[in-house]
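Note sheet for the following structure.
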Protein chains: 2
Amino acid sequence: MNIRKENSTNNINEIYWKENCGIGFTLSLIGGRWKINILSYLLNEEKLRYSELKNRLIGISERMLILKLKELEQDKLINRIVHPEVPPKVEYELTELGQSFREILILMDKWGEKNLKK
Amino acid sequence: MNIRKENSTNNINEIYWKENCGIGFTLSLIGGRWKINILSYLLNEEKLRYSELKNRLIGISERMLILKLKELEQDKLINRIVHPEVPPKVEYELTELGQSFREILILMDKWGEKNLKK
DNA sequence: TATGGTACTAACAAAATAGTACGTATGAAT
DNA sequence: ATTCATACGTACTATTTTGTTAGTACCATA
């Protein structure tokens with residue numbers, strides 16, 4: 001899905017920090033442009049359809065949305081719920097693991113809101 | 001220092017989320033491969049020289065270290081203290097703003113340590 | 001038969017981030 | 001005169017991330 005050069009310095013570094021440092025591991029799951037926003041919306045609204053996420057994540061391309069949803073699913077932070085209907089209906093929700101980010105997300109949001117508008 | 005295309009979608013998106021969302025703002029300051037580790041070491045050890053940071057941040061290149069230190073300095077998260085000596089001695093420490101990340105860093109570390117080794 | 005809405009996929013291209021290799025200044029010690 | 005340590009700077013390249021465009025499948029409805 002996302003091809004990485006196995007033995008690039010970049011990749012080696014990422015793996016090292018992921019495996020040897022809590023913060024590194026955490027950041028590897030929620031870093032990047034969109035993931036944390038996805039988690040945040042799901043935290044507030046419980047369950048959202050693909051299209052609903054797309055509307056909330058202003059500026060995101062479909063490719064990015066799918067990509068990030070897949071990564072989050074692989075990392076067991078969200079569940080994908082398919083309703084066998086036409087037109088298709090797919091919903092996303094946080095797993096328990098995903099929910100366990102709550103505190104961190106809230107803190108990050110608070111910190112940001114406070115320091116953003118100073 | 002870091003040339004960004006002003007009107008790339010990427011840049012526009014980053015700015016949008018930085019300005020309109022606490023989490024987006026927070027992540028813009030501490031996201032990426034190294035920043036949060038730098039902050040974390042400075043949190044634990046108060047004041048560190050350039051070379052001390054370099055030794056702790058396993059795998060980092062000098063270019064990246066300088067780059068990230070500069071960005072952190074620009075964002076007012078760290079202070080750069082120059083001792084006019086030869087050979088040079090430069091120390092880095094957290095500003096008050098930088099220190100205010102303490103809770104977030106601790107939470108992220110805890111979360112990571114817990115879920116890393118499951 | 002044509003159109004529409006939803007949730008995608010895949011090929012490609014642009015942009016951004018990260019890494020490599022080498023160079024600089026200073027004065028102290030050899 | 002040469003070497004050394006420290007904290008950088010710069011040009012270049014590789015890698016990764018992000019965005020663009022143009023599709024697909026499904027069945028329901030007009």
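Please read these numbers as outputs of a predicted model, since none were measured by experiment.
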> Which letter, B, S or -, goes with each nucleotide of nucleotides 22-30 of chain D from 5' to 3', with contact meaning a protein heavy atom under 4.0 Å?
Replying inline: ----BB---
Atom [atom1] of [X] and atom [atom2] of [N]: how far apart are they, to the nearest Å?
X     : N      : atom1 : atom2 : value
A:L69 : C:dT9  : CG    : P     : 11 Å
B:L57 : C:dG19 : CG    : P     : 11 Å
B:M64 : D:dC12 : CE    : C1'   : 13 Å
A:N10 : D:dT13 : CG    : C1'   : 13 Å
B:I38 : C:dA18 : CD1   : C1'   : 13 Å
B:H83 : D:dT6  : NE2   : P     : 15 Å
B:K5  : C:dA16 : NZ    : C1'   : 11 Å
A:L65 : D:dT17 : CG    : C1'   : 16 Å

Closest approach to the side chain of [X], judged atom by atom: which nucleotide of [options] is it?
X     : options                : result
B:S61 : C:dT17, C:dA7, C:dT20  : C:dT20
A:W34 : C:dA16, D:dG19, D:dT10 : D:dG19
B:R80 : D:dT15, D:dC8, D:dG19  : D:dC8

> Under the salt bridge (charged side-chain N to carboxylate O under 4.0 Å, His left out) criterion, do A:E14 and A:R4 qualify, and how do the steps go?
Replying inline: CA-CA 11 Å; A:E14 173 156 12; A:R4 281 190 147 244; 2.7 Å; yes
May I ask you to evaluate whether [X] reaches the phosphate of [N], defined as a side-chain N or O under 4.0 Å from OP1 or OP2?
X     : N      : result
A:K68 : D:dT18 : yes
A:K54 : C:dC8  : no
A:Y92 : C:dC8  : yes
A:R63 : C:dT9  : no
B:R4  : C:dT17 : yes
B:S8  : D:dG19 : no
A:R49 : C:dA7  : yes
A:W17 : C:dA18 : no
B:S51 : D:dA7  : yes

> In this structure, are over 12 heavy atoms from other groups packed under 6.0 Å from A:E46 atom CD?
Replying inline: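 No, not enclosed.
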> Is the count of non-hydrogen atoms from other residues, nucleotides or ligands lying under 6.0 Å from B:E103 atom CD greater than 12?
Replying inline: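 12 or below, so no.
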>> Return whichever of B:N13 or B:E91 has its heavy-atom-nearest nucleotide of DNA chain D closer to the 5' end.
In response: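 Closest to the 5' end, via its nearest nucleotide, is B:E91.
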> For DNA chain C, whose closest nucleotide is more 5', that of A:E52 or that of A:T9?
Replying inline: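 So the residue in question is A:E52.
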> Donor-acceptor pair, A:N20 side chain versus A:Y16 backbone, under 3.5 Å?
Replying inline: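 Indeed, once roles are kept as given, a pair shorter than 3.5 Å links the two residues.
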> Hey, is the main chain of B:G59 close enough, under 3.5 Å, to the side chain of A:N13 for a donor-acceptor pair?
Replying inline: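 Checking the backbone N and O of B:G59 against the side chain of A:N13, a donor-acceptor pair under 3.5 Å is found.
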> Of B:K47, B:H83, B:R49, which meets side chain to side chain donor-acceptor pair (under 3.5 Å) against B:E91?
Replying inline: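 Answer to the side chain to side chain donor-acceptor pair (under 3.5 Å) test with B:E91 among B:K47, B:H83, B:R49: B:H83.
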> Which is true for A:K89 with a 4.0 Å heavy-atom rule: it touches a base, it touches only sugar-phosphate, or it touches nothing?
Replying inline: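 Sugar-phosphate only.
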>> Using 30° and 60° as the class boundaries, would you call the ring planes of B:Y41 and A:W17 parallel, tilted or perpendicular?
In response: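 Because their plane-to-plane angle is over 60°, the rings of B:Y41 and A:W17 count as perpendicular.
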>> To the closest 0.5 Å, what do you measure between CG (B:L72) and CG (B:L67)?
In response: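 If we round to the nearest 0.5 Å, B:L72:CG and B:L67:CG are 10.0 Å apart.
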